[in-house]
Every structure is written in structure tokens, then in C-alpha cells.
Amino acid sequence: MSAEDSADYKALLLDGVPLLDLRAPVEFARGAFPAARNLPLMSDEERAQVGTCYKERGQQAAIELGHRLVGGATREQRLQQWLAFAQAHPDGFLYCFRGGLRSQTVQRWLADAGVDYPRITGGYKAMRQYLLEVLEQAARQPVILIAGRTGSGKTRILPRISRAVDLEGLACHRGSAFGALLEPQPTQIGFENALAIALLKTMQTPGPIFLEDESRLIGRRALPLTLHERMQQAPFVELDVPFSERVEGVLADYIVDLRERYLRSNPEQGAQQHRERLLADLAKLQRRLGGVRYQQLRGLMEAAFDAQDAAGDLDTHRAWIAQLLRDYYDPMYAFQMQKRAERRLLLATPDAVCEWADAQAARA
């Protein structure tokens, strides 16, 4: 290991250093680190050929094949990309899956081109294992949940709490039946990596970790089992927000903000896509709502979109939002709260909850 190479995974992740990921695209797509950029040594097809050769003829034959596949103009083109990355990120590190031949080869080629660029020893596999250990550590930390009825603004207050981790932000999903965003969710491994890094940063100072009260699944991404089990037993603070303000919170998130996202993505079809998405989300609740209630809500929602499309009127949206909160989400929330009321530490306004949370951190 040279002086610049590093196995200090904690420092690398805490500092958010730029990472040059040399793995094949298919490897990167399965899971990556937030600060990583994929500039592979080999394409998926080239990697598959080398892997087959390794199994059939051994390591040396595979190495020779790799040099033939990534040679000449192909090598020069990829080398220029790596050099550009190194120039743009002189504080970065490169790695492959295990920190072996691929990263050592690229490191040597860069050195031959006059750039001494450091490597992460152990590669992606070692960093991933370290982050899995971080997730286990986090599950043993004191945790306080932020609870509240739908629309109370739990996610919005997280930036105001110093030791909070935004699970929904990391999962790229708002956590409800209507919670999908336009951006795709990260892979499960990518979500776990980003979550572990966020928790690692939080654990550098003493005090409880604040997390939004979530089910195991956030969209299609699952919280690590041990962390979710810890959350199931954790005390919580509950936001006390008037019903009318909760209606406005849902309106802001799912009508105003979500439509703006659709329009930015597709100015011509965005409004129609937004309408179709919410109607499809409502349809997912048909069995739980019952046929009559579902048809009432669907009619209200369609009328609301008609009014919005015709004159930009948002008021009709408040009718279906209020009914959905009152008849579906609130009874379900009340039932869940009955089973764990003894773990509630505080029922207060969002401002008071933020002040209380800061006091807990200061006391730690």
C-alpha cells in the first residue's frame, strides 16, 4: 500500500471525497456510494468475457484477454476520462470491487501518464462491509421518532433538527400510497449505503438520532431490519397540527409541488400525467376505502383536477384531501397510536418539538 492509498473508510465517507468507481456498469447499477462516479475499466460485455476466461483458463489468461480488450484507442479514450476526473478531483480516490487488479491497473496507467492517484484498499466490497457495520451500530443507538398525522409536516421539520436523518429523502419517496416522486428510487443497496453514511455523520456527536416514524417499506426500499426493529421500540414525539393546516400540507406536497415537478419534466403532458398518477394512487386504496367511498373520492378528485386545469383553482382539491384524511388516514393513525401511547414523550407544535429536540442534543 502506497502512502496515498487508504483503508480509512470512515474518514473517506465522512469527508465525502470524490470517488472514481472502476467497476462495470452492471456492478455500479446494483449499488454505489453517493460521492461516486462510474468510469469503468471494462464494459459489461468485456467483464463477462474476462470472467469466463478466468474460469476456463485461469488468471493469467484472463489478464492477457483484459489487456487485449482494453487496449489501443479504447484504452486511450478511457484513460483520458480518468485523467479528467483526477484533474477535476485531485482529492479523490479510485477503487474497483475488491481493490485488486482493476484498480491497480488503472492506478498504474495513471502513474505512467504522470498522475499519482490514490486507491482505496479493499475496494467497494470493504467499504460496503464497513457501512453494513455502521447500520448495526446505529441500531444500538438511542432513537427518537417524529410522529404525526398525515399532513402534519414531519419531513419538513427534519432540517431544523440537528441530529435528524431524512429517511424519505434518502429513499426518494414520501412514504405513503401517494408518495412516489418522478425520480426513480435508488437501488436497495444504494439506499442502504446512503443511509449508513448519513447515520455515520450523525453519530459523530452524542445524543439521540431523530427519525421520522416510518413503516419498514418506504416505497419499494426497505429499512434495514435491525434499525426498523429498534424504531419499533423507540419513544416518539408527536406533532400537534390543526386539521386545516394538515390539509394545506397535503395540498402543498401532492398538488402544488408534485405538479410543478411533472411540468418541469414534461411541460406539455405534465399536468395530465400528474392527474393520472394521483388517480392511480387512489385506486390502490379502493379495497380499503370500499366501493362507495372510493367512487366519492374519485369524483371529487376528478372535479378538482378539472377546476385546476380550467382556472388554476386549488380549492376543490381541499375537499377530497379533507375527506381522505378524515375517513381513511386519521382512523388508521389513531388505531396505531393506541398500541404505543405509553412511549410518547411529547405532543406539541412543530416549533416546540424542534426546540425540545435541540435541548435533548445539547443535554447529551
Side-chain angles (χ1 to χ4, degrees), residues 1-51 53-54 58-72 74-135 187 189-190 192-194 196-197 200-201:
M1 178 166 52
S2 72
E4 290 105 353
D5 291 348
S6 178
D8 189 350
Y9 311 127
K10 179 179 179 179
L12 292 167
L13 294 165
L14 285 176
D15 294 342
V17 300
L19 301 174
L20 173 54
D21 190 320
L22 299 166
R23 296 176 301 156
V26 67
E27 296 174 282
F28 187 83
R30 292 192 195 107
F33 305 122
R37 181 181 175 191
N38 188 217
L39 293 173
L41 170 61
M42 292 184 289
S43 67
D44 293 336
E45 183 179 350
E46 291 162 352
R47 173 175 170 266
Q49 291 182 48
V50 170
C53 181
Y54 179 86
Q59 184 183 61
Q60 188 56 43
I63 293 173
E64 293 172 0
L65 175 60
H67 281 283
R68 289 198 300 273
L69 292 172
V70 187
T74 299
R75 168 179 161 169
E76 183 60 28
Q77 180 186 27
R78 293 176 190 175
L79 177 60
Q80 291 305 314
Q81 292 180 320
W82 301 324
L83 287 169
F85 182 93
Q87 183 177 12
H89 305 289
D91 56 337
F93 285 75
L94 61 81
Y95 64 90
C96 60
F97 183 65
R98 293 186 179 86
L101 284 173
R102 283 183 286 180
S103 57
Q104 292 172 27
T105 297
V106 172
Q107 188 179 47
R108 184 172 64 253
W109 289 352
L110 285 170
D112 291 343
V115 175
D116 188 13
Y117 209 64
R119 175 173 57 92
I120 297 175
T121 56
Y124 174 86
K125 184 177 181 181
M127 291 259 280
R128 166 72 175 160
Q129 182 58 44
Y130 173 75
L131 289 177
L132 290 175
E133 293 169 2
V134 169
L135 291 174
T187 65
I189 293 174
E192 292 172 358
N193 287 344
I197 293 170
L200 178 65
K201 292 178 178 178

Rounded to the nearest 0.5 Å, how far does CZ of Arg75 lie from CG of Leu69? 14.0 Å

Is Leu79 close to Leu110 at the side-chain level, that is, under 4.5 Å between some pair of heavy atoms? yes

Check the surroundings of atom CD in Glu45: do more than 12 heavy atoms from other residues, nucleotides or ligands lie under 6.0 Å from it? no

Could you go through the side chain to side chain contact (heavy atoms under 4.5 Å, CB included) check for Leu13 and Lys201 one step at a time? CA-CA 9 Å; Leu13 294 165; Lys201 292 178 178 178; over 6 Å; no

Nearest heavy atoms of Met42 and Val50, plus distance in Å: SD-CG2, 3.7 Å

Would you check if Pro118 and Asp5 make a side-chain contact, meaning some heavy-atom pair closer than 4.5 Å? yes

Taking the six-membered ring of Phe85 (Phe, Tyr or Trp), confirm whether the NZ or CZ of Arg37 is under 6.0 Å from its centre and within 45° of its axis. no

Heavy-atom distance under 4.5 Å between the side chains of Val26 and Arg30, does that happen here? yes

Do Asn38 and Pro40 come within less than 4.5 Å of each other through their side chains, counting heavy atoms only? yes

Residue pair Tyr130 / Leu12, side-chain heavy-atom distance below 4.5 Å: no

Heavy-atom nearest pair, Leu65 first then Cys53, reads CD2-CB, 3.7 Å

Quick one: are Trp82 and Gln107 in side-chain contact, heavy atoms under 4.5 Å? no

Value for CE (Met127) from OG1 (Thr121), rounded to nearest 0.5 Å, stands at 10.0 Å

Where Ser6 and Phe93 come nearest, the two heavy atoms and their spacing: CB-CE2, 3.6 Å

Distance in Å, Tyr9 OH paired with Ile197 CD1, rounded so as to fall on 0.5 Å steps: 14.0 Å

Distance-minimising heavy-atom pair for Tyr117 and Gly92: OH-CA, 3.1 Å

What distance do Gln80 atom CD and Glu76 atom CD have between them, rounded to the nearest 0.5 Å? 4.5 Å

Val115 and Ala86 have their tightest heavy-atom pair at CG1-CB, 4.0 Å

On a heavy-atom basis, the closest approach of Ala29 and Thr187 is O-CG2, 2.9 Å

Between Leu41 and Cys96, is any pair of side-chain heavy atoms under 4.5 Å apart? no

Which of Arg128, Arg98, Arg102 passes salt bridge (charged side-chain N to carboxylate O under 4.0 Å, His left out) with Glu27? It is Arg102

Whether the side chain of Arg119 engages the backbone of Gly99 through a donor-acceptor N/O pair (distance < 3.5 Å, no angle test) should be reported. yes

Close side-chain approach of Tyr124 and Asn193, heavy atoms under 4.5 Å: yes

Rounding to 0.5 Å, atoms CD (Gln104) and CG (Leu22) come to a distance of 11.5 Å

Determine yes or no for a side-chain-to-main-chain donor-acceptor pair under 3.5 angstrom, with Asp21 supplying the side chain and Arg23 the backbone. yes

Can Glu46 and Arg78 be counted as an ion pair, charged N to O under 4.0 angstrom? yes

Drop me the distance from Tyr95's OH to Ile120's CD1, to the nearest 0.5 angstrom. 6.5 Å

